[in-house]
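All values below were derived from every heavy atom in this structure, side-chain atoms included, with hydrogens, water molecules and symmetry-related copies excluded. Positions are given from 1 along the sequence. Counting convention: from 1, in listed order, for ligands and their atoms alike.
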Amino acid sequence: MGNEVTVRTRFAPSPTGHLHVGGARTALFSWLFARSMGGAFILRIEDTDTARSTEAAVEQIISSMAWLGLDWDEGPGKGGACGPYRQMERAGLYESAAQRLFEEGRAYRCYCSPKALEDARRAAREEGRQFLYPGTCREGAGKQASGDYVVRLRTPDSGSTVVRDLVRGDVEFDDALSDDFIIVRSNGVPTYNFAAAVDDDAMAVSHVIRGDDHLPNTPKQIHVIQALGGTVPAYAHLPLILGPDQSPLSKRHGSVSVEEFRSKGYIREAMINYLALLGWSLDGETTLFTLEELVSSFTLERVGKNAAVFDNDKLLWMNGSHIRSLPGNELAQRVEEYLAGGPLEGLPGSDGLPGVADLVPLVHEKMKTLEDFITLTGFFFLPFAYEEKALSKLLDDENAPGVLAAAREVIAAIEPYDAGGLESSLRERADKMDIKLGRFLQPVRIAVSGRTVTPGMFETLMALGREKSLERIDAAAGMLSSKG
Ligand code: GLU
């Protein structure tokens, strides 16, 4: 037997809101590392902040993870040998871990009043020094038998704690600059640093992969794990994600939740691809990856130290590119699902109108988001309306009445009704009327779509069908004659 570590990673979100791109990137890197190493990926819900945690957020996070395709081997809804996987259901574990540390003298009860601590903190602030708990209750540990207390971990006063970080290398923290921090609050609820460390130990997590902002917590968590006699996992702190103005990515920069991107018509392949490049790269050049390619090429060594900038334009470009790579029937399926998620006043395929599968080939190359499908083909199935610009063009076009009458004749008579035939017959009529084809088709385009720009005219007439095309041409002709 070798002594390789069984890779076990975890994603440990606090359910206080939607899954943001930062959290999703953390989840993805933990997932990719586990998958690339044949290890296990754990989802753990860190809901000890009961005032800010909500059930709705738990569901949102789970639904965004499922949408991205980041499946977990252990966690909510899945179970596993180290469950339960929600911290509020693990209270007994933290309690017994704290009790054990207390009995072994590695932790002690602190009866200092919040007021006394606050005064000391204020005094430190006024004198411009960092406040560190002075260890008042350290030696009399547990002597006072009654009154509210918190539990503090006894930490070294000198020396240093080194975080061996797989991204940043060794990061040394001076123990003299940290104090005996609280592991259990007076209400019995464990602090984040305690619960996370107890869980990482109990769940045998081998690699803690998370955002840079957690680096200062790491020495504390290492102290907890060492006090518990556990094995300190490897750490990998991922670089910060910035907005285009170089400040940390936040709502000010626009969409930041996975759900928002999904509802704007981004597809999971592009989201995953883009998130993967926020801090990781294969060779600094290759930009397009499938999930399978990421699994086979992902390594923590290739995670960079520098902050990554979130670039919406690049994500949009990438989304278009992944949409083009989808087979037509797959894209049609995605569009169907997308349309089903939003209230529209009309849907493709109803009332003799062309269906999604008929329309996708017309716009597949042009779509950058699933939402573009509606923008580009909505005139086929949404309640008919002229764009202002299109209407005035139609009204100003002196050829329009004659062209519409001619086009009507061709469309009504042609057999079979196909794009090639439509093209040659309409071209012939345009020649006969001595109007350039482009000009000839313009009133027809506006009549059937209400717009000046559409997919190819003959494909559009084909998709709309003879009957609907005639109906719309007649309506336009009627409008022109009543105005005229
Ligand atoms: N629950 C923490 C958070 O959402 C993450 C903890 C961790 O990864 O250690 O920020």
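- In this structure, Asp283 does not pair ionically with Arg302, as no charged nitrogen and carboxylate oxygen lie closer than 4.0 Å.
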For ligand 1, list all ligand N or O to protein N or O distances below 3.5 Å, rounded to 0.1 Å.
{"residue": "ligand 1", "atom": "1 (N)", "partner": "Ala12", "partner atom": "O", "Å": "2.7"}
{"residue": "ligand 1", "atom": "1 (N)", "partner": "Ser14", "partner atom": "OG", "Å": "2.8"}
{"residue": "ligand 1", "atom": "1 (N)", "partner": "Glu46", "partner atom": "OE1", "Å": "2.6"}
{"residue": "ligand 1", "atom": "4 (O)", "partner": "Ser14", "partner atom": "N", "Å": "3.2"}
{"residue": "ligand 1", "atom": "4 (O)", "partner": "Ser14", "partner atom": "OG", "Å": "3.2"}
{"residue": "ligand 1", "atom": "8 (O)", "partner": "Arg10", "partner atom": "NH1", "Å": "2.8"}
{"residue": "ligand 1", "atom": "9 (O)", "partner": "Arg10", "partner atom": "NH2", "Å": "2.8"}
{"residue": "ligand 1", "atom": "9 (O)", "partner": "Tyr192", "partner atom": "OH", "Å": "2.7"}
{"residue": "ligand 1", "atom": "9 (O)", "partner": "Arg210", "partner atom": "NH1", "Å": "2.7"}
{"residue": "ligand 1", "atom": "10 (O)", "partner": "His214", "partner atom": "NE2", "Å": "2.9"}

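- Proximity of Val303 to Phe29: side-chain heavy atoms (C-beta onward) are separated by under 4.5 Å at one or more points.
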Checklist entry - Run the ring-ring contact (aromatic ring centres under 6.0 Å, His included) check on Phe384 and Tyr386 step by step: do they pass? => result CA-CA 7 Å; Phe384 189 87; Tyr386 290 105; 5.1 Å; yes

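- Qualifying ring-ring contact (aromatic ring centres under 6.0 Å, His included) partners for Phe261, counting only residues two or more places apart in sequence or in other chains: Tyr266, Phe310.
- Applying the side-chain hydrogen bond (donor to acceptor under 3.5 Å, both in side chains) rule to Ser321 yields no partners; only residues at least two apart in sequence or on another chain are considered.
- Every residue was checked against the side-chain contact (heavy atoms from CB on, under 4.5 Å) condition with Pro216, not counting sequence neighbours, and none meets it.
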